[in-house]
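For reference, the structure discussed in these notes is given below.
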Amino acid sequence: MAESWVNSAEILGSDLPLELSGTSNRRAVLMGALREAVRSGRLAPGTRLPPYRSLAADLGLARNTVADAYAELVAEGWLAARQGSGTRVAERAAPVTPAHRPRTPERPSRPVHDLVQGQPDPAAFPRTAWLASARRALATAPNDAFGPGDPHGRPELRRALAAYLARVRGVRASPERIVLCSGAAHGLRLLAEVVGGPWAAEAYGLPFHRGLLASHGVGTRPVGVDRDGARVGELTRRDRAVLLTPAHQFPTGGPLHPARRAAVVDWARSTGGLVVEDDYDGEFRYDRQPVGAVQGLDPEHVVLLGSVSKSLSPALRIGWMVLPERLVAPVVAAKGEREQFSSATDQLTLADFVESGAYDRHVRRMRQRHRRRRDQLVAALEQRAPHVRVTGIAAGLHAVVELPPGTERSAVRAAAWQGLAVEGLADYRHPGAEQAAQADGARDGLVVGYATPAEHAYPEALEALCRALPPPG
């Protein structure tokens, strides 16, 4: 026979509904009443509480209000939640005398675990292989490599990239079409100056990129995103460019559907618009065949942006733009008369690293490592939180943990109390997409980066993540 739970009157007393009706901050009142019930001993350690749906119905509250209250009390240590056993009073939450009341746990001053997406584990940088390439590159570098520098970038690296991108990403470009930059953000700045606005951008994407464009006078408007990627049919003739992540939509996951890839190229041809393809993690795919770059469909209407920030390290500050012929001269002019951003010696080292095969070997090794990390994440959630769904796991360095509606903010707060840095999906939503999100049903979720933690720290980070998730409803 299933174990029953205590009812709301036993937990909180018969006066609580009256107290709740007299305040707008019902969650705070409910949390205070639950804390007091534990302190006083009315709720003993191990006592099973009602599912939040049942308690919400008893008290006449919104389900999200009760779910948030449970989640915060779990984070503070008053309650404990496990799949299959419901929400209970934590074993350590024993009643105490007023003179020894427990202090509210202090939020950690800095995160203990980092599951924020966006960068690889710094310890994984291939120091030995990079040093070998640096020695060879310096030993054979021409004298002009130590001069002011060409804003196009070193020809050695542009040749190496042209061959590599053609082989791995299906890019069609000669070295003369490649202009080096310090990363995707730098490339966006240059394109904003040259192309002007307005731009369209995916409804979910990096706020930093949208802010960067805005700071250069280029406004963006959102284009909806679904399981097939960006809804490119929403593009108009007024849009000068569209910023996309076709290989693996960031951050929701999944490649742009083939029909939409063709459609966005047709849009660019018919309107004179520009497709800006951010190829931020196109090399990391696990359960599917590689998806070639959209640039290969029409090199004259697509710009490919890439960098080594995810594959090697953001500290190298090396990126590239594969440009339509008509944009090469304007972009180089916007960049300046001399190379001011990327070290010539680092460019030469990367050229050797690519041509020697060391880059391919490193990417294969990191692909295996990231796949293993992803599998650990999925397994931990299947065991500890089977009520949540994980998406976007076929490629990339992160996954989206989908949450019940209305629980995202409380989950992020609970993670912070656990000493875990992780971001909510709403952090990546375009400000102009709020109304559309409400109409379509806004998605709640956590964007979980699994590449950053050190190997020894990763299991503990997953434990903290599972503790922060809302209990099943």
Just distance, no hydrogens or angles: give the donor-acceptor pairs under 3.5 Å from side chains in residues 449-458, sequence neighbours left out.
{"residue": "Tyr450", "atom": "OH", "partner": "Gly396", "partner atom": "O", "Å": "3.1"}
{"residue": "Thr452", "atom": "OG1", "partner": "Gln119", "partner atom": "O", "Å": "2.7"}
{"residue": "Glu455", "atom": "OE2", "partner": "Arg369", "partner atom": "NE", "Å": "3.3"}
{"residue": "Glu455", "atom": "OE2", "partner": "Arg372", "partner atom": "NH2", "Å": "3.4"}
{"residue": "Tyr458", "atom": "OH", "partner": "Arg373", "partner atom": "O", "Å": "2.8"}

With sequence neighbours left out, write down each residue that passes ring-ring contact (aromatic ring centres under 6.0 Å, His included) with Phe341, or none if nothing qualifies. His186

If I take atom CG from residue Leu425 and atom OG1 from residue Thr391, how far apart are they, to the nearest 0.5 angstrom? 8.5 Å

Any side-chain donor-acceptor pair under 3.5 Å between [X] and [Y]?
| X | Y | answer |
| --- | --- | --- |
| His362 | Ser311 | no |
| Thr349 | Asp346 | no |
| Glu202 | Gln249 | yes |

Run the ring pair (Phe, Tyr, Trp, His ring centres under 6.0 Å) check on His398 and His248 step by step: do they pass? CA-CA 10 Å; His398 73 275; His248 184 229; 5.6 Å; yes

For Asp226, salt bridge (Lys or Arg N to Asp or Glu O under 4.0 Å) partners two or more places apart: Arg260

Centroid separation Tyr164 to Tyr359 less than 6.0 Å: yes

Exercise: identify the closest heavy-atom pair between Cys181 and Trp320: SG-N, 3.6 Å

Tightest non-hydrogen contact, residues Val275 and Ala268, listed as CG2-CB, 4.0 Å

Can you give each donor-acceptor pair under 3.5 Å made by side-chain atoms of residues 187-197, sequence neighbours left out, with the distance rounded to 0.1 Å?
none

Side-chain atoms of residues 207-217: list all donor-acceptor pairs with protein atoms under 3.5 Å, sequence neighbours left out, distances to 0.1 Å.
{"residue": "Arg210", "atom": "NH1", "partner": "Gly205", "partner atom": "O", "Å": "3.4"}
{"residue": "Arg210", "atom": "NH1", "partner": "Tyr428", "partner atom": "O", "Å": "3.4"}
{"residue": "Arg210", "atom": "NH2", "partner": "Arg429", "partner atom": "O", "Å": "3.3"}
{"residue": "Ser215", "atom": "OG", "partner": "Leu212", "partner atom": "O", "Å": "2.6"}
{"residue": "His216", "atom": "ND1", "partner": "Leu212", "partner atom": "O", "Å": "3.1"}

Residues in side-chain contact (heavy atoms from CB on, under 4.5 Å) contact with Pro314, at least two apart in sequence or another chain: Pro120, Ser309

Does CD in Glu337 sit with more than 12 non-hydrogen atoms of other residues, nucleotides or ligands closer than 6.0 Å? no

